[in-house]
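One structure below.
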Number of protein chains: 2
Amino acid sequence: MVSIKDIAKQAGVSISTVSYALNGSNKVTDETSSKILAIAKELNYVPNAAARTLKKRESKILGVFLTDFSGDVYGDLLSGMKAVCNAQGYDLIVCSGKQSHRMLPERMIDGAIILDHTFASEELMQYADRGHKIVVLDREMDHPNINQVLLDNKAGATLAMEHLIEQGHKKIYVVTGPEGSFDSVQRLKAVRQVAEREADVEWIEITGDFEKSGGEQAADQIVQVYDGPAAVFCLNDEMAIGLCDRLADSALGVGQEIDVIGFDNIELSKYVQPRLASIDYSKRKWGSLAAEQLIKIIAGEPVDHERIYVTLVEGGSVSGPIPSDSVISMRNDRAVSY
Amino acid sequence: MVSIKDIAKQAGVSISTVSYALNGSNKVTDETSSKILAIAKELNYVPNAAARTLKKRESKILGVFLTDFSGDVYGDLLSGMKAVCNAQGYDLIVCSGKQSHRMLPERMIDGAIILDHTFASEELMQYADRGHKIVVLDREMDHPNINQVLLDNKAGATLAMEHLIEQGHKKIYVVTGPEGSFDSVQRLKAVRQVAEREADVEWIEITGDFEKSGGEQAADQIVQVYDGPAAVFCLNDEMAIGLCDRLADSALGVGQEIDVIGFDNIELSKYVQPRLASIDYSKRKWGSLAAEQLIKIIAGEPVDHERIYVTLVEGGSVSGPIPSDSVISMRNDRAVSY
DNA sequence: TTGTACGCGTTATCAA
DNA sequence: TTGATAACGCGTACAA
């Protein structure tokens, strides 16, 4: 592997001169400098990242930690992050799984963005205490080295509930996420708040898991006890889709006997029939904002926690209780600002 | 940041003793060793990755390079890679975009898996020449430091074409990928081979781009010239879905006037109505095999190029030309081994 | 057990 | 001014 030493030898100068030349310092004559650059190019010199990182105590790499690599949410989110990172001279790497956590304390990366509920908050807190910079997208944490960029779950869940209630629903099933999920807890809290405010609305909570299977199981439960028009608010789209799938095998029609609304407005939701009503937000913006915040706290700029706003997307999966004998027409998607 | 030096000071030993103790060498007394370990834990010592990488000349990190972070193909593919990497003591990071290429020559990663047609082969060849280890999933390259793990595109395209022909189709549109795409070229070659063999089959090539919009444009073209039963083989599912979407706005029904088959069998394909026929393969296996091969060539073991086998998945989107007045029944998905 | 050279690049200090 | 010397960052591993 060719190092600055080789270049120095070839150019007949010292390694420091080479380093200065390569970094565009004005401590070297243009003449020597261009000679050195030429030799570097000729030898295909590439600096060693480990050496640079070791000395400069920064890698110019940011890491994002995800629960897994699948998931429809991630595409735009990551593009947004990457765009900001690259514009600011950082590279972005995507990691998943406990093994990769070491990247942060070992200083392979200059900071981390967390969207992985399996990454323990205690662990994050330790890292923050040791000076590592972190942005969390999936929990609340207060620490000078941690910044939050959270979805406005409360607004989203409220929008969804109000939409169902406006359509005339009096009985609403709510399918939750897994126990530890911050998003689930937040959304559920808002659901309860809205429901408690409306005296004539009954709501039933069903424990889910944010996965398709959870929605399917919820469907089974609902079909068994069905006794009249009802709506289901699945706290994420994946469960909503599982639920719709399963309902398709039953006598209950989505957007007819049962209305369904989700949360996240993932790509797939546009393709289910009828179109799934959901809560939308800009995943790209979420990602770019997270990256911006991380870069700021790395630079030592103090920043406040941020929030990502949400909108309601209507769909044929919600059309009011028992449309009696009228034909159910597919609506166009309309985004309603909150 | 606490380093071995701090531990050495606290323990009253030399840094080399600390290093040996931390690495479980038997060159240190159990007594001193456990004492050192205790102090290390107490001080929250974490080794510095840059220093270790610099000295050992390996990072134990593999990188996978993708064109973008979206794409339904990637979930299982990456899980497969990660599983193998972790089992073998490696970490996996996911990168995208030209900026991140530097990770390889700068030796931040020990090897790379490429699934990104925008990553120039010449560039890869240079890296290979300089000793970097690479596995390519999207092109053919011959070099001792490069291994191929490719889809069996020929088999897949042949299966798809034969399926359409078996159903009685005589007129087949083929929507291709973008110019430079290896997969597109390979699949198209197989298409031609099959079509040329069948004297009474007419085939028409339409240039696409492997994106939804390409399928939509192809649909427009086909609708304009439609003059009787025909089938469309989209060289990937994304285009097939775009095409189906657009056809839904026309008078031509998918699985009725027009049969459609795709390639990749992405998650979404299960949700379009009628279910999209496609060519399936194990993305997880593809990923795990790629990782295995990369780790092998890093270890200096010589390996042969590998191939991922494919199967046909039938769907309601293909049901034979003009089903006349009979009702088209949704078929179950059946996987047919090739 | 320990001293020390080494991996590679950066940068402060000092000499020509 | 221009450029060389050397310390440094941190961990590894050989020689003593």
Side-chain angles (χ1 to χ4, degrees), chain A residues 1-37 39-40 43-61 89 102-110 130-132, chain B residues 1-37 39-40 43-61 102-110 130-131:
Chain A
M1 211 56 350
V2 25
S3 75
I4 51 169
K5 206 183 278 181
D6 302 300
I7 301 176
K9 205 173 291 170
Q10 182 112 18
V13 295
S14 76
I15 58 164
S16 51
T17 307
V18 174
S19 179
Y20 286 130
L22 291 173
N23 290 306
S25 160
N26 58 349
K27 298 177 84 54
V28 195
T29 330
D30 282 353
E31 197 186 355
T32 15
S33 184
S34 58
K35 181 172 144 197
I36 287 169
L37 270 329
I39 293 173
L43 297 183
N44 278 322
Y45 169 74
V46 179
N48 179 304
R52 190 185 344 93
T53 300
L54 182 57
K55 179 64 187 178
K56 302 195 68 162
R57 310 174 124 276
E58 63 171 7
S59 64
K60 284 291 178 185
I61 297 175
R102 68 177 180 91
M103 305 256 178
L104 188 59
E106 291 188 359
R107 313 200 76 98
M108 181 112 279
I109 55 179
D110 293 344
R130 295 185 211 158
H132 300 292
Chain B
M1 211 55 349
V2 24
S3 75
I4 50 169
K5 207 183 277 181
D6 302 299
I7 301 178
K9 205 173 292 170
Q10 182 112 19
V13 295
S14 75
I15 58 164
S16 41
T17 306
V18 174
S19 179
Y20 284 129
L22 291 174
N23 290 305
S25 161
N26 58 348
K27 297 170 106 350
V28 195
T29 327
D30 282 352
E31 195 187 356
T32 18
S33 185
S34 57
K35 179 172 147 196
I36 288 169
L37 269 329
I39 293 174
L43 297 181
N44 277 323
Y45 168 75
V46 179
N48 180 303
R52 189 185 342 95
T53 300
L54 181 57
K55 179 64 187 177
K56 301 197 66 161
R57 308 174 127 277
E58 65 172 6
S59 64
K60 284 290 178 184
I61 298 174
R102 67 178 179 91
M103 306 257 178
L104 189 58
E106 291 188 358
R107 314 201 75 100
M108 180 112 280
I109 56 178
D110 293 344
R130 294 184 210 159

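Here is the naming used below: chain letters follow the sequence lines, and residue numbers restart at 1 for every chain. Hydrogens, waters and symmetry mates play no part in the numbers below; they use all other heavy atoms, side chains included.
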Sugar-phosphate only, base, or nothing, as touched by [X] at under 4.0 Å among non-hydrogen atoms:
X	value
B/V13	sugar-phosphate
B/T32	sugar-phosphate
B/T29	sugar-phosphate
B/V18	nothing

Just how far is it from atom CG of A/L22 to atom CD1 of A/I15, taken to the nearest 0.5 Å?
11.5 Å
Separation between OG (B/S59) and CE (B/M108), nearest 0.5 Å, reads 7.0 Å
At a heavy-atom distance below 4.0 Å, which nucleotide of DNA chain D is the first touched by chain A, and which is the last?
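From 5' to 3', the first and last contacting nucleotides are D/dT2 to D/dC10.
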Residues that A/K9 engages under side chain to side chain contact (heavy atoms under 4.5 Å, CB included), provided they are two or more places apart
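Once residues adjacent in sequence are excluded, A/K9 has no partner under the side chain to side chain contact (heavy atoms under 4.5 Å, CB included) criterion.
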Short heteroatom pairs, N/O only, protein and nucleotides 8-11 of chain C, under 3.5 Å:
from: C/dC8; atom 1: OP1; to: B/R57; atom 2: NH2; distance (Å): 2.5
from: C/dG9; atom 1: OP1; to: A/Y45; atom 2: OH; distance (Å): 2.8
from: C/dG9; atom 1: OP1; to: A/N48; atom 2: N; distance (Å): 3.2
from: C/dG9; atom 1: OP2; to: A/I4; atom 2: N; distance (Å): 2.8
from: C/dG9; atom 1: O5'; to: A/Y45; atom 2: OH; distance (Å): 3.4
from: C/dT10; atom 1: OP2; to: A/S19; atom 2: OG; distance (Å): 3.1
from: C/dT10; atom 1: OP2; to: A/N23; atom 2: ND2; distance (Å): 3.2

For residues 45-55 of chain A, tabulate all N or O donor-acceptor pairs below 3.5 Å that involve a side-chain atom, not counting sequence neighbours.
from: A/N48; atom 1: OD1; to: A/A50; atom 2: N; distance (Å): 2.7
from: A/N48; atom 1: OD1; to: A/A51; atom 2: N; distance (Å): 3.0
from: A/R52; atom 1: NH2; to: B/E106; atom 2: OE1; distance (Å): 3.1
from: A/R52; atom 1: NH2; to: B/E106; atom 2: OE2; distance (Å): 3.1
from: A/T53; atom 1: OG1; to: A/A49; atom 2: O; distance (Å): 2.8

Minimum heavy-atom separation for B/R130 and B/P105, please, with both atom names.
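Closest approach of B/R130 to B/P105: NH1-CB, 4.3 Å.
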Taking both distances under 3.5 Å as the test for a Watson-Crick or G-U pair, what stems of at least three pairs does DNA chain D have?
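The stems are C:1-16 with D:1-16.
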Restricting to pairs with a member in residues 10-35 of chain A, which pass salt bridge (charged side-chain N to carboxylate O under 4.0 Å, His left out), not counting sequence neighbours?
none
